[in-house]
Amino acid sequence: MSEQANQSPSAKAEDLRKLHHGPEVLVLPNAWDCASARIFEEAGFPAIATTSAGVAFSLGYPDGQRIPRDEMLASVKRMASRVRVPVTADLEAGYDDVAKTAIGLIESGAVGLNLEDLDDSNSRTLVELAKQVQKIKAVRRVGEERGVRIVINARTDQYLAQIGEAGKRFDRACDRLRAYIEAGADCVFVPGINDEETIGRLVEALKFPLNILVGAGSPSVSRLRELGVRRVSVGSGLARTAMGATRRAAEQLQRTGTYAAMLDGAIPYTEANRLFERG
């Protein structure tokens with residue numbers, strides 16, 4: 001059994017934190033179930049994130065904090081129990097009680113979390129800055145009280161939700177992120193941007209680990225490293241890739257009664273089974 005398997009949650013949290021300051025960009029695939037988590041671990045990623053959207057979809061909910069907290073945390077717990085590397089969970093806006101959510105996170109075995117600032121009652125509004133700062137401080141306090149310094153990835157949706165005047169989004173995003181850093185964040189996250197100019201400006205303005213969500217039109221990981229980005233995630237991208245492959249195979253099976261799309265790239269049964277047979 002690997003050394004990581006015997007690590008305490010506190011040690012795993014510190015390992016995850018250190019990965020934000022290593023020589024390479026921390027690239028995090030986002031898992032949505034135990035199989036995807038194990039596949040990512042087997043691929044050699046040093047840590048794994050979860051995707052709130054992917055988990056929600058797999059359990060029959062739309063994204064946007066519609067899944068009950070207990071169901072989300074139960075899914076995170078199952079994933080964290082099947083891998084040895086550190087797990088950081090996307091827990092959306094923290095649900096109705098962020099302190100309770102942070103306690104559940106620690107109990108799940110995960111050691112980091114994303115915390116967004118989009119108001120779950122209005123997708124066009126951000127949580128009041130002072131309230132969001134208090135949420136971050138609450139997560140930090142809960143973790144320290146339980147001996148796990150949770151790795152906090154503080155997210156602003158200023159760009160993704162296109163909130164406020166376009167010309168003022170950069171300054172407003174920076175103001176919020178600086179407040180999150182002061183409150184105890186370990187990394188800051190700005191989904192919704194993929195142009196090199198804005199990414200470079202954010203790196204220079206914040207001088208702090210920055211997470212970029214990649215997708216269509218995003219620079220490569222090597223280019224993001226050159227720009228100074230410290231963390232890269234894919235959100236629900238891989239979950240939707242799996243959904244797309246499943247839909248193509250299902251449509252082919254229904255239309256033609258053939259199986260090429262199902263067989264193309266499929267993991268052999270023995271390999272899939274072996275993912276969960278280790279000691």
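Hydrogens, waters and symmetry mates are skipped; everything else that's a heavy atom, side chains included, is used.
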Inset, instruction - Evaluate the criterion side chain to side chain contact (heavy atoms under 4.5 Å, CB included) for residue pair Leu238 and Phe40; output intermediate values, then yes/no. - result: CA-CA 11 Å; Leu238 289 169; Phe40 299 154; 3.6 Å; yes
When hydrophobic residues are tied together by side-chain contacts of less than 4.5 Å, even through go-betweens, does [X] share a cluster with [Y]?
X: Ile67; Y: Leu91; answer: yes
X: Val188; Y: Val27; answer: yes
X: Val139; Y: Leu105; answer: yes
X: Phe276; Y: Ile39; answer: yes
X: Tyr95; Y: Val127; answer: no

Inset, instruction - Could you go through the salt bridge (Lys or Arg N to Asp or Glu O under 4.0 Å) check for Arg38 and Glu42 one step at a time? - result: CA-CA 6 Å; Arg38 284 289 292 121; Glu42 288 279 297; 3.3 Å; yes
If every non-hydrogen atom of [X] is compared with every non-hydrogen atom of [Y], which pair is closest and at what distance?
X: Ala185; Y: Ile136; value: N-CG2, 4.1 Å
X: Ile267; Y: Ala272; value: CG2-N, 3.7 Å
X: Ala37; Y: Ile48; value: O-CD1, 3.2 Å
X: Pro219; Y: Glu196; value: CG-CG, 3.8 Å
X: Val76; Y: Ser108; value: CG1-OG, 3.6 Å
X: Pro29; Y: Ala47; value: CD-O, 3.9 Å

Can you check whether [X] reaches [Y] side chain to side chain, under 4.5 Å on heavy atoms?
X: Leu213; Y: Phe189; value: yes
X: Leu26; Y: Pro46; value: yes
X: Arg69; Y: Asp97; value: yes
X: Tyr180; Y: Leu129; value: yes
X: Gln65; Y: Glu116; value: no
X: Thr88; Y: Asn153; value: no
X: Leu59; Y: Met72; value: no
X: Arg172; Y: Leu126; value: no

Using atom types as modelled and distance alone, determine if a side-chain donor or acceptor of [X] lies under 3.5 Å from a backbone N or O of [Y].
X: Glu41; Y: Arg84; result: yes
X: Arg17; Y: Ile150; result: yes
X: Thr101; Y: Gly94; result: yes
X: Arg230; Y: Gly22; result: yes
X: Ser236; Y: Ala239; result: no
X: Arg169; Y: Gly164; result: yes
X: Asn30; Y: Val234; result: yes
X: Arg124; Y: Asp119; result: no
X: Arg82; Y: Cys34; result: no
X: Lys135; Y: Ala93; result: yes

[X] [atom1] to [Y] [atom2] distance, which is reported to the nearest 0.5 Å:
X: Arg231; Y: Leu210; atom1: CZ; atom2: CG; answer: 10.5 Å
X: Leu202; Y: Leu177; atom1: CG; atom2: CG; answer: 7.5 Å
X: Leu28; Y: Asp90; atom1: CG; atom2: CG; answer: 11.5 Å
X: Asp15; Y: Gln7; atom1: CG; atom2: CD; answer: 4.5 Å
X: Lys131; Y: Gln134; atom1: NZ; atom2: CD; answer: 11.5 Å
X: Asp157; Y: Thr125; atom1: CG; atom2: OG1; answer: 11.5 Å

Legend entry - Within 6.0 angstrom of Arg66 CZ, more than 12 heavy atoms from elsewhere: no
Inset, instruction - Please check if atom CD in Glu182 has more than 12 non-hydrogen atoms from other residues, nucleotides or ligands closer than 6.0 Å. - result: no
Legend entry - Check: Ser220/Ser222 side-chain N/O donor and acceptor closer than 3.5 Å: yes
Legend entry - Asn273 and Thr270 side chains, donor-acceptor separation under 3.5 Å: no
Inset, instruction - Given side chain to side chain contact (heavy atoms under 4.5 Å, CB included), test Val55 with Tyr61 step by step and report yes or no. - result: CA-CA 8 Å; Val55 172; Tyr61 296 94; over 6 Å; no
Inset, instruction - Please determine which of Gln132, Arg155, Arg176 meets the side chain to side chain donor-acceptor pair (under 3.5 Å) test together with Asp117. - result: Arg176
Are the charged groups of [X] and [Y] less than 4.0 angstrom apart, N to O?
X: Glu277; Y: Arg274; result: no
X: Glu24; Y: Arg225; result: yes
X: Arg201; Y: Glu204; result: no

Inset, instruction - Take Val190 and Gln158 through the side chain to side chain contact (heavy atoms under 4.5 Å, CB included) test and state the conclusion after the steps. - result: CA-CA 8 Å; Val190 192; Gln158 194 87 49; over 6 Å; no
Inset, instruction - Report the C-alpha separation of Arg140 and Arg149 in whole Å, then their side-chain angles, then the decisive distance to 0.1 Å, and conclude whether the side chain to side chain contact (heavy atoms under 4.5 Å, CB included) test is met. - result: CA-CA 7 Å; Arg140 175 63 65 228; Arg149 194 161 177 261; 3.6 Å; yes
